[in-house]
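Nothing here was measured: the structure is a model prediction, and the numbers come from that model.
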Amino acid sequence: MTESEEALAAALAGVARLRGARIQVDTDLTWLSSGRPATSLNHVHSIALRGDSAAIDARIDAVQAAVSGGGALPVTWWIGPSTSPPDLADRLLTRGMLEDEPEYGMAVDVDELPLPDGDVREVTEADLDEWLGVMGHSYRWSNPRAIAAWSELYREALVGDARPWRHVLVRDAGVPVACASLATAGATGFVTNVGTVPEARGGGHGTAATLAVLAIARRLGYRRATLTASVMGRNVYARIGFREDAYLQRFVSAG
């Protein structure tokens, strides 16, 4: 797998910390089912299916049934450079899955990146509700059960030195406007949850949040960091110094 594919797999595994979640790591793929109705919380990735066409189809159907709880939950399937078979996207489309916007795996050396400008602070337990509010506003969260799940996941993991995530919050004139996180489970730091509230976009706040979590990565001893960028964010991260190593397709089933 590419560097960013490996880091994404490690970061997604953190969702298994939710109560009742299940993660299954097999030789031909990894799946994660949170039991919550959100595409961002149920995943199939690291896919390398083998066998004849009928065996591959049977495996896809069995995994989809397991992750979705028999069709009750939406699921995201990730296809990257290391995925096989090469026609997996067509097989998912024939099952009624929809192709979501692609993402771009990107990586950077963190040693010589600049420190962020502005009012940027690492999130403590006292700040978490503000941070979640910025996340929800930035990403237009609307599913109450998904919001509750992310709150549960991040609140439980905020205490202690061996935290699986570190979060930062950017303020402008005292008002929280941007956020980001660093997942620390893999061999490289994984930058995620970068968001800016719509009314504050264009002011460099997302870049400040990204540089802040990269500074945390450097402090924790990481030499490299990765992320998956949206089509819109791709050029922003390239200006920071990230370089692409993976084109990632996402296929989503309805729950």
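The distance from atom CZ of Arg166 to atom OG1 of Thr184, rounded to the nearest 0.5 Å, is 6.5 Å. Rounding to the nearest 0.5 Å places CE of Met106 at 9.0 Å from CG of Asp245. In this structure, the separation between OG on Ser46 and CG on Asp26 is 11.0 Å, given to the nearest 0.5 Å. Taken to the nearest 0.5 Å, the CG atom of Asp127 stands 8.0 Å off from the CZ atom of Arg121. Separation of atoms CG (Leu41) and OG (Ser33) is listed at 10.0 Å; rounding is to 0.5 Å. Atoms CG and CZ, on Asp61 and Arg59 in that order, are 11.5 Å from each other to the nearest 0.5 Å.
Under the 3.5 Å distance criterion, the side-chain polar atoms of Ser68 are left unmatched by any main-chain donor or acceptor of Val75. Thr226 places no side-chain N or O within 3.5 Å of a backbone atom of Ala107 that could act as its donor or acceptor partner. Side chain of Asp172 to main chain of Val175: no donor-acceptor pair is present (N/O by atom type, distance under 3.5 Å, no hydrogens or angles). Under the 3.5 Å distance criterion, the side-chain polar atoms of Asp87 are left unmatched by any main-chain donor or acceptor of Asp90. In this structure, Thr76 contributes its side chain and Thr39 its backbone to a donor-acceptor pair below 3.5 Å. Between the side chain of Tyr139 and the main chain of Val134, no donor-acceptor pair closer than 3.5 Å is present.
Exactly one residue among Arg17, Arg36, Arg145 makes a salt bridge (Lys or Arg N to Asp or Glu O under 4.0 Å) with Glu152. That residue is Arg36. Considering Trp150, Trp165, Tyr154 as possible partners of Asn193, the one that fulfils the side chain to side chain donor-acceptor pair (under 3.5 Å) test is Tyr154.
Summarising the geometry of Ala209 relative to Val168, their closest heavy-atom pair is O-CG2, 3.6 Å, with the distance given to 0.1 Å. Closest non-hydrogen pair, Leu214 versus Ala225, comes out as CD2-CB, 3.4 Å. Here the closest non-hydrogen pair linking Pro116 and Leu211 is CB-CB, 4.0 Å. In this structure, Tyr222 and Ala185 approach most closely via the heavy-atom pair OH-N, 4.3 Å. Residue Met97 comes nearest to Ser253 through the heavy atom pair CG-CB, 4.0 Å, listed as atom of the first residue, atom of the second, then distance. Of all non-hydrogen atoms in Gly186 and Ala10, the two that sit nearest each other are CA-CB, 3.7 Å.
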Could you walk me through whether Arg155 and Asp129 pass salt bridge (charged side-chain N to carboxylate O under 4.0 Å, His left out), step by step? CA-CA 9 Å; Arg155 196 175 304 280; Asp129 285 334; 2.8 Å; yes

Let's go through Arg224 and Glu3 carefully: what are the C-alpha distance in whole Å and the side-chain angles of both, what is the deciding distance for side-chain contact (heavy atoms from CB on, under 4.5 Å) to 0.1 Å, and is it a yes or a no? CA-CA 10 Å; Arg224 299 274 288 171; Glu3 187 176 22; 2.7 Å; yes

Pair Leu169-Val120, side-chain contact (heavy atoms from CB on, under 4.5 Å): steps then yes or no: CA-CA 6 Å; Leu169 189 62; Val120 190; over 6 Å; no

Residue pair Arg95, Asp57: steps toward the salt bridge (charged side-chain N to carboxylate O under 4.0 Å, His left out) verdict: CA-CA 10 Å; Arg95 285 162 171 77; Asp57 283 341; 3.2 Å; yes

What's the verdict on side chain to side chain donor-acceptor pair (under 3.5 Å) for His43 and Trp78, showing C-alpha distance, side-chain angles and the deciding distance? CA-CA 8 Å; His43 299 275; Trp78 292 82; 3.0 Å; yes

Quick one, Glu122 with Arg219, criterion salt bridge (charged side-chain N to carboxylate O under 4.0 Å, His left out). Give me CA distance, side-chain angles, the key distance, then yes/no. CA-CA 13 Å; Glu122 189 167 351; Arg219 186 186 80 211; 3.3 Å; yes

Report the C-alpha distance between Tyr237 and Leu227 in whole Å, list the side-chain angles of each, state the deciding distance to 0.1 Å, and finish with yes or no for side-chain contact (heavy atoms from CB on, under 4.5 Å). CA-CA 9 Å; Tyr237 297 120; Leu227 53 74; 3.6 Å; yes

Using the salt bridge (charged side-chain N to carboxylate O under 4.0 Å, His left out) rule, take Glu101 and Arg250 through it: C-alpha gap first, then chi angles, then the decisive distance, then the call. CA-CA 7 Å; Glu101 183 180 280; Arg250 297 181 296 160; 5.2 Å; no

When you look at Phe190 and Thr228, which way does the side-chain contact (heavy atoms from CB on, under 4.5 Å) test go after all the steps? CA-CA 9 Å; Phe190 185 78; Thr228 61; 4.1 Å; yes

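Applying the side chain to side chain donor-acceptor pair (under 3.5 Å) definition to pairs two or more places apart or across chains, those involving residues 198-212 are His137-Glu199.
No single ILVMFWY cluster, assembled from side-chain heavy atoms under 4.5 Å apart, contains both Phe242 and Leu8. Under a hydrophobic-cluster definition in which Ile, Leu, Val, Met, Phe, Trp and Tyr are linked whenever side-chain heavy atoms come within less than 4.5 Å, directly or via other members, Leu113 and Val236 are assigned to different clusters. Linking ILVMFWY residues whenever their side-chain heavy atoms come closer than 4.5 Å, directly or via other members, places Trp131 and Val15 in the same cluster. Hydrophobic clustering (ILVMFWY, side-chain heavy atoms < 4.5 Å, transitive): Val231 and Tyr247 are in one cluster. Under the 4.5 Å side-chain heavy-atom criterion for ILVMFWY residues, no single connected hydrophobic cluster contains both Leu98 and Ile79.
Side-chain contact between Pro102 and Leu248: absent, with no pair of heavy atoms (C-beta onward) separated by less than 4.5 Å. Looking at Ile23 and Trp31, their side chains never come closer than 4.5 Å, going by heavy atoms from C-beta outward. Counting heavy atoms from C-beta outward, Arg171 and Glu130 have side chains that approach closer than 4.5 Å.
In this structure, the salt bridge (charged side-chain N to carboxylate O under 4.0 Å, His left out) partners of Arg234, at least two apart in sequence or on a different chain, are Glu244. Asp111 is linked by a salt bridge (charged side-chain N to carboxylate O under 4.0 Å, His left out) to Arg223, counting only residues two or more places apart in sequence or in another chain. Shown here are the side chain to side chain donor-acceptor pair (under 3.5 Å) partners of Glu5, two or more places apart in sequence or in another chain: Thr2, Ser82. With sequence neighbours excluded, the residues satisfying side chain to side chain donor-acceptor pair (under 3.5 Å) with Ser34 are Asn42. Scanning for side chain to side chain donor-acceptor pair (under 3.5 Å) contacts around Arg50 gives an empty result, with sequence neighbours left out.
Looking only at atom types and distance, the side chain of Trp77 has a donor-acceptor partner in the side chain of Gln64 under 3.5 Å away. Side-chain contact annotation: Thr30 with His45, donor-acceptor N/O pair under 3.5 Å absent.
Within 6.0 Å of the CZ atom in Arg218, the count of heavy atoms belonging to other residues, nucleotides or ligands exceeds 12. For CG of Asp117, the number of neighbouring non-hydrogen atoms (other residues, nucleotides, ligands) closer than 6.0 Å is 12 at most.
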